Amino acid sequence: MMPVRRDSFTILRETLRWRVALVLCVLVALLMLVLGTVNTRLGLADTALLAWMTLGVVVGCLTALLVLPRGPAGTLFYTVVAAILIVVVAYGVYHGRNMQHWAYIFPPVTIFLLRANRALAAMLAYGIYVTLATAQLLPAIDVVRFASGYGLLVCFMYTYALIEQRAAAMLRFHSERDALSNCFNRRTFNESLEQIKSTAASGSRCTFLLIDIDHFKAINDQHGHLVGDRIITQVAAALGRELDSGTPLFRYGGEEFAVMRVGGDERAGLELAQRLCETVGRTDFQGIRVTVSIGVAEWRNGPESVDAVLGHADRALYDAKRAGRNRASAGSMLGKAA
């Protein structure tokens, strides 16, 4: 299985969400300070108490945002804000004060927490909750006005959430895929490699296959670069059909591909490499003879680095080419001194 990557897209999203949370946290703290002061001077002890309690919670959130990792800290902040908005309505009903105006903050907060469909369910449930609470304090016409306004807000926020979700999925897909072969690109390979390095536990292992199209320069020279591009695309498709859904295929560079099998050993990797060679060798490339050579190496969590093992796989690949191409070679066959 391909490891769950801490890729640049995820890091950027978490960072932006954290920055928004930090700004909001400061603004909410200032707002509560003002509301607490005003309500105290007006003699509204119950609402003043609510403002001071909220201020204390928000200050705690600010501390968490500065201390905890950005991803969990951002999630914690938006979760706490959503919880406060639920409590505020109940607090208002208990003290006979209408608090429905705070409900309009809930939909955007939910968008930061949940995917579009789950956010919609949460917004609707909260809307029903606030409407029932409001009905105990206001005339029916005011309840209808609130429900109508809140419902329209939910429609707009859900539409925005869907657009943002689809756009983000499209952006992520194209940012991690090679445009020609539709394989994962080299940047994605490097990020997966860094994930293996940073999360490796005792006993972890990973097998790398480096795959190169044989005589690709000759194909370009004899048939042209458009045909060469077609061959890259067709070879990628042939390799992909032989791999299971949990084994990613990367375009490593030019006419070279890579496979990363987390948890797999070298023997199983070599067997897979031989099947891949056979698959490409018997594939019809519209009259053009195409084969691949593959180098295999296994990394185990220990003194030898992942980069060193990739070097073994690269040398095994060139060993397969020197041995006649259209074959697979394993790094253990070369000796570590090679």
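What you see is a predicted model; the values in this text were computed from it and never measured.
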Of all residues at least two apart in sequence or in a different chain, which pass the salt bridge (charged side-chain N to carboxylate O under 4.0 Å, His left out) check with Asp46?
Arg97
Flag, side chain of Glu255 to backbone of Phe216, donor-acceptor distance under 3.5 Å:
no
Arg186 to Tyr252 six-membered ring, cation-pi geometry met (6.0 Å, 45°)
yes
More than 12 heavy atoms from other groups under 6.0 Å of CZ on Arg275:
yes
How close do Phe257 and Ile232 get, heavy atom to heavy atom, and via which atoms?
CZ-O, 3.7 Å
Keeping the roles fixed (side chain from Asn185, backbone from Ser175), state whether a donor-acceptor pair exists under 3.5 Å.
yes
Got a second to check how far Arg325's CZ is from Arg327's CZ, nearest 0.5 Å?
10.5 Å
Can you tell me how far OG1 of Thr15 sits from CD1 of Ile11, rounded to the nearest 0.5 angstrom?
7.0 Å
Is there a path from Leu137 to Tyr94 through hydrophobic residues (I, L, V, M, F, W, Y) whose side chains come within less than 4.5 Å of each other?
no
Check whether the side chains of Ser329 and Asp319 place a donor and an acceptor atom closer than 3.5 Å, and report yes or no.
yes
Would you name the heavy atoms of Ala236 and Cys183 that are closest together and state the gap between them?
CB-SG, 3.6 Å
When you look at Leu193 and Leu310, which way does the side-chain contact (heavy atoms from CB on, under 4.5 Å) test go after all the steps?
CA-CA 10 Å; Leu193 210 61; Leu310 277 174; 3.5 Å; yes
In the structure I gave you, are the side-chain heavy atoms of Arg230 and His223 within less than 4.5 Å of one another anywhere?
no
Taking the side chain as every heavy atom from C-beta outward, state whether Val306 and Phe208 have any atom pair closer than 4.5 Å.
yes
Is there a side-chain contact between Asn326 and Arg289 (heavy atoms, below 4.5 Å)?
yes
side-chain contact (heavy atoms from CB on, under 4.5 Å) assessment of Thr233 paired with Asn182
CA-CA 8 Å; Thr233 301; Asn182 204 34; over 6 Å; no
Side chains of Thr75 and Arg17: donor-acceptor distance under 3.5 Å anywhere?
yes
Hey, what do you get for SG (Cys25) to CG (Leu30), rounding to the nearest 0.5 Å?
10.0 Å
Atom CG of residue position Leu226 - does it have more than 12 heavy atoms of other residues, nucleotides or ligands inside 6.0 Å?
no
To the nearest 0.5 Å, how far apart are NE2 in His225 and CD1 in Ile219?
12.0 Å
side-chain contact (heavy atoms from CB on, under 4.5 Å) between Met99 and Leu50, worked out:
CA-CA 12 Å; Met99 297 287 191; Leu50 179 61; 4.0 Å; yes
Hphob cluster co-occupancy, Leu49 + Leu33, side-chain heavy atoms under 4.5 angstrom:
yes
Given 3.5 Å as the limit, does a donor-acceptor pair link the side chain of Tyr129 with the main chain of Ala90, or not?
yes
How are the rings of Tyr126 and Tyr150 set to each other: parallel, tilted or perpendicular (split at 30° and 60°)?
tilted
Check for me, please, whether Leu31 and Val87 land in the same ILVMFWY cluster - side-chain distances under 4.5 Å, paths through other members count.
no
Is the NZ or CZ atom of Arg251 positioned over Phe184's six-membered ring, under 6.0 angstrom from the centre and within 45° of the axis?
no
Straight-line distance of His215 NE2 to Thr291 OG1, nearest 0.5 Å:
6.5 Å
Are Pro69 and Glu14 close enough that some pair of their side-chain heavy atoms sits under 4.5 Å apart?
no
Between Ile111 and Leu27, is there a shared hydrophobic cluster once you connect ILVMFWY residues whose side-chain heavy atoms come closer than 4.5 Å?
no
Please examine the side chains of Arg166 and Ile163, heavy atoms only from C-beta on, and report whether any two atoms are closer than 4.5 Å.
no
Tell me, do Arg261 and Leu272 make a side-chain contact under 4.5 Å, heavy atoms counted?
yes
d(Leu55 CG, Met32 CE) to nearest 0.5 Å is 8.5 Å
Is there a side-chain contact between Thr279 and Leu239 in this structure, where contact means two heavy atoms from C-beta onward sitting under 4.5 Å apart?
no
Would you call Glu256-Lys321 a salt bridge at under 4.0 Å N-O?
no
Side chains of Ser293 and Asp212, donor plus acceptor under 3.5 Å:
no
Hydrophobic cluster membership, with links at side-chain heavy-atom distances under 4.5 Å among I/L/V/M/F/W/Y: are Val26 and Trp18 in one?
yes
Taking every heavy atom of Ala48 against every heavy atom of Thr40, the minimum-distance pair comes out as CB-OG1, 3.5 Å
What are the two closest heavy atoms between Arg322 and Arg315, and how far apart are they?
NH2-O, 4.4 Å
Side-chain heavy atoms of Leu62 within contact of Val58, under 4.5 Å:
no
Quick one: closest heavy-atom pair of Ala135 and Val143, and the distance?
CA-CG2, 3.6 Å
Near Tyr318 OH, under 6.0 Å, is it more than 12 heavy atoms from other residues, nucleotides or ligands?
no
Answer yes if the ring centres of Phe146 and Tyr104 are under 6.0 angstrom apart, and no otherwise.
yes
Where Thr159 and Cys155 come nearest, the two heavy atoms and their spacing:
OG1-O, 2.9 Å
Thr134 vs Val93, side-chain contact (heavy atoms from CB on, under 4.5 Å): CA-CA, chis, key distance, verdict
CA-CA 8 Å; Thr134 302; Val93 171; over 6 Å; no
